[in-house]
Amino acid sequence: MKLLVVGGGGREHAIVKSLKKNPQVEEIYVLPGNAGMEKDAVCVNISAKDIPAIVDFAVKTKIDYAVVAPDDPLVLGAVDALEEQGIPCFGPRAGAAIIEGSKVFAKELMKKYGIPTARYETFSDLESALAYVRTAPLPTVVKADGLALGKGVIIAQNRQEAEEAVRSMMADKVFGKSGEHIVIEEFLTGPEVSVLAFTDGKTVKPMISSMDHKRALDGDLGPNTGGMGTVAPNPYYTPAVAERCMKEIFLPTIQAMNVEGRTFRGCLYFGLMITPDGPKVIEYNCRFGDPETQVVLPLLESDLLTVMLATTYGRLAETEVKFSDQYACCVILASKGYPKHYEKGFPLEIPAEAEKHVFIAGAGKKDGRLVTNGGRVLGVTALGDTLEGAIESAYALADTIHFENAFCRRDIGARALKAGR
Ligand code: AMP
Ligand code: GLY
């Protein structure tokens, strides 16, 4: 089979490496991929947002199956456009991807179907939003409606911050059109858990749970990033919590989307907070998480392509989705200064022993050599029979990889370790 993966980061590298394990796979093309993936796939310089070019390439190359990984092309209708040309896909159509594409949609869905989430109000008018935050309980959470590269959420500790957040989104439009509508919601507390789930619209099969580390610096300090590391499973996701999530959140969400005529197929990501009142949804993503995928897929024992095809063709109920009972830890090596200002273009040295553990997010080529080309450069994932073992091995491997200005958090998994004891 000839496969196409749309996207270009560490998550896509992890997907490619897992798909390659299936002997039926002859070739994988990644659009656009990055130079760090070239040993595993053919990278073609087509933007993940250029839907006509993606479809054109897929048709000409006679792609048998396409995996659309990032949020942008899903929300823009890449799956719809590929399917129209007879190319089956992993991922939701645009009508279902809206669950991530519009926070207003997601919140209204949860309210309508009684799915637990933070209480909220939505606004499309600056003055009413400002009037609301002048009396709302603090801290208060202000969110831009649309995709904002994971940055459209501001937790305001006081009235001034809340007003600034509203103004920056609605008046200054720092997130562009995403800020035309905003959600202002109740601040929730409790540990966060990421659960990715395969679904074909009828059955939902959650993957192993994981924990992201979003802040740039040790001790959960510094600015929010795309994710500095992950561990799986997440100790806060106990069997009792899992059972409640299935009953109160996962199944009701899938059913709600069906009733709305927006059947979701692919990977639905539940960003959960385990509050004192039980698990609540913080956000939905219409895709695999990054860097959650880099710990979840290495623990998947079933064949990824078989499971993906089952979501496309409605066979998930009879398809086994089995995970190892090991632990995984992924440490992200980033360029110093990320997520703000950083330099790139430094030679990247990855010893052969580490290669199999590495998922490259941002690399380019200069004079035939791999060089850094992004804020998050790569992730190193190790497995272990204990979480401690997985963490130790991930750091031992990370320390064998070199590039100038590299930095990583030194406490990935520390909170999970403490909670698990
Ligand atoms: P996001 O950019 O959507 O991933 O959100 C960033 C982070 O903001 C989440 O991971 C949570 O830590 C936090 N967050 C979002 N909504 C709330 C909320 N209602 N209460 C507390 N924290 C929140
Ligand atoms: N790790 C969070 C995300 O993929 O949005």
Side-chain angles (χ1 to χ4, degrees), residues 7 9-12 14-15 69-72 74-75 97 99-104 106-107 110-111 116-122 136-157 161-162 165 169 175 178-179 182-197 207 209-216 220-232 234 236 266-277 279-297 330 332 339 359 361 376 379 412 415:
R11 163 185 57 200
E12 286 76 9
I15 291 173
D71 47 2
D72 280 311
L74 289 166
V75 170
I99 198 165
E100 174 171 5
S102 166
K103 290 201 162 72
V104 173
K107 294 300 288 191
M110 289 186 270
K111 188 186 262 180
T117 189
R119 281 193 298 268
Y120 73 100
E121 298 288 335
T122 61
L138 291 167
T140 197
V141 183
V142 184
K143 300 185 170 184
D145 176 46
L147 297 178
L149 294 169
K151 298 189 187 97
V153 175
I154 294 175
I155 298 176
Q157 302 293 341
E161 276 177 31
M169 288 179 196
F175 302 116
S178 279
I182 64 167
V183 172
I184 301 181
E185 69 179 30
E186 167 198 16
F187 178 75
L188 298 177
T189 56
E192 287 184 57
V193 178
S194 305
V195 179
L196 320 183
M207 299 179 223
S209 62
S210 54
M211 183 190 285
D212 195 1
H213 297 67
K214 286 200 168 111
R215 302 295 202 95
D220 289 325
L221 299 174
N224 258 325
T225 70
M228 293 301 295
T230 34
V231 291
N234 185 321
Y236 293 104
C267 171
L268 184 52
Y269 169 129
F270 298 90
L272 305 169
M273 199 170 263
I274 315 303
T275 75
D277 303 328
K280 295 192 180 180
V281 177
I282 288 281
E283 60 164 351
Y284 291 115
N285 290 329
C286 64
R287 52 170 175 88
F288 281 99
D290 189 339
E292 284 90 344
T293 307
Q294 291 89 313
V295 283
V296 168
L297 290 186
C330 174
I332 299 290
F359 304 117
R376 287 191 300 174
I412 301 302
R415 183 153 182 228

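All ligand and atom numbering here is 1-based and tracks the order in the structure. Numbers for residues simply follow the sequence, beginning at 1.
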Chemist: Nearest heavy atom to atom 15 (C) of ligand 1 wins, so pick from E283, K103, K143.
Modeler: K143
Chemist: Check whether any N or O atom of K214, backbone or side chain, sits under 3.5 Å from an N or O atom of ligand 2, and answer yes or no.
Modeler: no
Chemist: Has S194 got a side-chain atom pairing as donor or acceptor with M211's backbone, closer than 3.5 angstrom?
Modeler: no
Chemist: One pair to check against side chain to side chain contact (heavy atoms under 4.5 Å, CB included): L188 and I282. What are the steps and the verdict?
Modeler: CA-CA 9 Å; L188 298 177; I282 288 281; 4.2 Å; yes
Chemist: Among I412, V295, V296, which residue satisfies the side chain to side chain contact (heavy atoms under 4.5 Å, CB included) criterion with C330?
Modeler: V295
Chemist: Below 4.0 Å, non-hydrogen atoms only: which portion of D212 touches ligand 1? Side chain, backbone, both or neither.
Modeler: neither
Chemist: How about S102 and D145: does a side-chain donor come under 3.5 Å of a side-chain acceptor?
Modeler: yes
Chemist: On the ring face of Y120, is K103 found with NZ or CZ under 6.0 Å from the centre and within 45° of the axis?
Modeler: no
Chemist: Does at least one non-hydrogen atom of F288 fall below 4.0 angstrom from an atom of ligand 2?
Modeler: no
Chemist: Do any N/O atoms on E186 end up under 3.5 angstrom from N/O atoms on ligand 1?
Modeler: yes
Chemist: Taking only heavy atoms of E185 into account, list the atoms of ligand 1 that are under 4.0 Å away from them.
Modeler: 16 (N), 17 (C), 18 (C), 19 (N)
Chemist: In ligand 1, which numbered atoms sit nearer than 4.0 Å to a non-hydrogen atom of K214?
Modeler: 4 (O), 10 (O)
Chemist: Is there a nitrogen or oxygen of L188 sitting under 3.5 Å from a nitrogen or oxygen of ligand 1?
Modeler: yes
Chemist: So that I can tick it off, tell me whether K143 and E185 are bridged by a salt bridge, with the cut-off set at under 4.0 angstrom between side-chain N and carboxylate O.
Modeler: yes
Chemist: Among all protein heavy atoms, pick the one closest to atom 1 (N) of ligand 2 and tell me residue, atom and distance.
Modeler: E292 OE1, 2.7 Å
Chemist: Please check if the distance between the ring centroids of F270 and Y284 is under 6.0 Å.
Modeler: yes
Chemist: Would you mind running through ligand 1 and noting each atom that sits below 4.0 Å from a heavy atom of I282?
Modeler: 15 (C), 16 (N), 17 (C), 18 (C), 23 (C)
Chemist: Would you mind listing which atoms of ligand 2 come within a distance below 4.0 Å of any non-hydrogen atom of G289?
Modeler: 4 (O)
Chemist: At what distance is the nearest protein heavy atom to atom 2 (C) of ligand 2, and which residue and atom is it?
Modeler: Y269 OH, 3.5 Å
Chemist: Please name the pair of heavy atoms, one in L268 and one in N285, separated by the smallest distance, quoted to 0.1 Å.
Modeler: CD1-O, 3.3 Å
Chemist: Which ligand 1 atoms, with their elements, are less than 4.0 angstrom from a heavy-atom of F187?
Modeler: 20 (N), 21 (C)
Chemist: Provide the number and element of each atom of ligand 2 under 4.0 Å from a heavy atom of D212.
Modeler: 1 (N), 2 (C)
Chemist: Applying side-chain contact (heavy atoms from CB on, under 4.5 Å), can you list everything that pairs with D290, at least two apart in sequence or on another chain?
Modeler: R11, Q294, R376
Chemist: Which is it for R287 and ligand 2 at heavy atoms under 4.0 Å: side chain, backbone, both or neither?
Modeler: side chain
Chemist: Within a distance under 4.0 Å of any heavy atom of N285, pick out the atoms of ligand 2 and give their elements.
Modeler: 3 (C), 5 (O)
Chemist: Among M273, E192, R215, which one has a heavy atom closest to atom 10 (O) of ligand 1?
Modeler: E192
Chemist: I need the minimum non-hydrogen distance between I15 and A69, along with the two atoms involved.
Modeler: CD1-CB, 4.0 Å
Chemist: Do K107 and T117 meet the criterion of a side-chain donor-acceptor pair at a distance under 3.5 Å?
Modeler: yes
Chemist: Considering distance alone, does some N or O of E283 sit under 3.5 Å from an N or O of ligand 2?
Modeler: no
